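All values derive from a computational prediction rather than experimental measurement. Both ligands and their constituent atoms are indexed starting at 1 by order of listing.
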Amino acid sequence: MSQLEKPQRPPLIDFHGVCFSRYFTDNWNNVQNFKARPDDILIATYPKSGTTWVSFIIDLLYFDQTCPERHLTVPLIQRVPFLDIAVPSQPSGKDLADQVRTAPRLIKSHLPVQFVPKSFWENNCKIVYVARNAKDCAVSYYHFARMDYAQPEPGDWATYLNSFKNGKVVYGSWYDHVNNWGKRKQTYPKIHYMFYENLIEDSSREILRLCDFLGLSPSTEEIDKIKAAAMFDNMKQDKMISFFTTKTMDQRLSPFFRKGKVGDWKNHFTVAQNEEFDEDYKQKMKDSSLAFRTEV
Ligand code: A3P
């Protein structure tokens, strides 16, 4: 990407009390009026929590047997459209979702739970929520913001970490996101709440739990095949998911498939940053029943 082609970084905006950039609010009314179908599956996450990984797995679980060429020929952003996004000169996520002809439709969103289009609730859709520990999430989001021009300027790591702690990043507070989705699960049972760290620890077990929730019963061979395809190094090589053609991303600055590990935060946080983060975390998570692991 040459300097001239680089899209302008948008400013961070406050939108209904949550931080966004315009690329995630410009299509707001259309997104809010999205007509979900009862068999749609929403894959919801705070950014950088393993959305692509889980989207890829669910897509293979549904379609690899019946349509094995799908994942070789159709980019993941079309197989699992990103509902919220609207970047100029690219089809909006909502339009891509409307164009999906296969069933079930798999739809990705980073929206905080209060902004999920009401048709998903009205149709009693299944929702897979993926959460990742705050420290690794912050590091991953920092590197992503450095290379993705749909993100406001991240500043240096210390600046970014403060922004993350204060919810001054696109999609707002990690703490609110994971907790409010967790609370919604108590009243809406069709949410499967997953953790990135569990997937890293034992992807077979997590795929089986996912299948249980989705009502799928693939063979052991199929699960092994999907597990292998979904390994970090294999996904990184996959031209249908690498986001190389996404105009807002300059992966020379940081690759989309960056490390794929639990605990990379240790290479970024200073001792002081870690202590301050832990103190602040304790306060913000004091009423939470969620237990995150920062190492496995
Ligand atoms: P890192 O930046 O820590 O490497 P999302 O898809 O929600 O944007 O999340 C991106 C994060 O998930 C990145 O984290 C990316 O490397 C990681 N990821 C993607 N595919 C993965 C896989 N197959 N195994 C482990 N991590 C993966």
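The closest protein non-hydrogen atom to atom 23 (N) of ligand 1 is Ala230 O, 2.8 Å. In terms of protein heavy-atom proximity, atom 16 (O) of ligand 1 is nearest to Phe232 CE1, 3.3 Å. Here the heavy atom of the protein found nearest to atom 7 (O) of ligand 1 is Thr51 OG1, 2.4 Å. Protein heavy atom closest to atom 11 (C) of ligand 1, with residue, atom name and distance, is Arg132 NH1, 3.7 Å.
The six-membered or imidazole ring of Trp265 lies away from that of Phe277, with a centre-to-centre distance of 6.0 Å or more. Taking the six-membered ring where the residue is Trp, the centroids of Tyr141 and Trp174 are separated by 6.0 Å or more.
Residues Asp39 and Arg37 are not paired through a salt bridge, judged by the lack of any N-O separation under 4.0 Å between the basic side chain and the carboxylate. Note on Asp264 versus Arg258: salt bridge recorded, some NZ/NE/NH1/NH2 to OD/OE distance being below 4.0 Å. Look at Asp98 and Lys94 and you find a salt bridge, because one of the NZ, NE, NH1 or NH2 atoms lies within 4.0 Å of a carboxylate O, short of that distance.
Against a heavy-atom cut-off of under 4.0 Å, Met235 is close to the following atoms of ligand 1: 23 (N). Counting the atoms of ligand 1 from 1 in the order shown, those under 4.0 Å from a heavy atom of Thr52 are 5 (P), 6 (O). Heavy-atom contacts of Gly50 reach the following atoms of ligand 1: 5 (P), 6 (O), 7 (O), 9 (O) (cutoff under 4.0 Å). Atom numbering of ligand 1 starts at 1 in the shown order; those under 4.0 Å from a heavy atom of Phe257 are 16 (O), 19 (C), 20 (N).
When the heavy-atom distances from atom 17 (C) of ligand 1 to Tyr196, Trp53, Phe56 are ranked, the shortest goes to Tyr196.
Heavy atoms of Lys48 approach ligand 1 to within less than 4.0 angstrom. Ligand 1 lies within reach of Phe256, whose nearest heavy atom is under 4.0 Å from it.
Residue Ser140 touches ligand 1 through backbone and side chain together, judged by heavy-atom distances below 4.0 Å.
For ligand 1, the polar-atom distance check against Ile200 finds no nitrogen or oxygen pair separated by under 3.5 Å.
A side-chain donor-acceptor contact under 3.5 Å links Arg70 and Thr102.
The list of ring-ring contact (aromatic ring centres under 6.0 Å, His included) pairs with a residue in residues 192-224, not counting sequence neighbours, reads Trp53-Tyr196, Tyr129-Tyr193, His192-Phe213, Tyr193-Phe195, Phe195-Phe292.
Note: the hydrophobic cluster containing Val100 does not contain Val31 (ILVMFWY, side chain heavy atoms under 4.5 Å, direct or indirect links).
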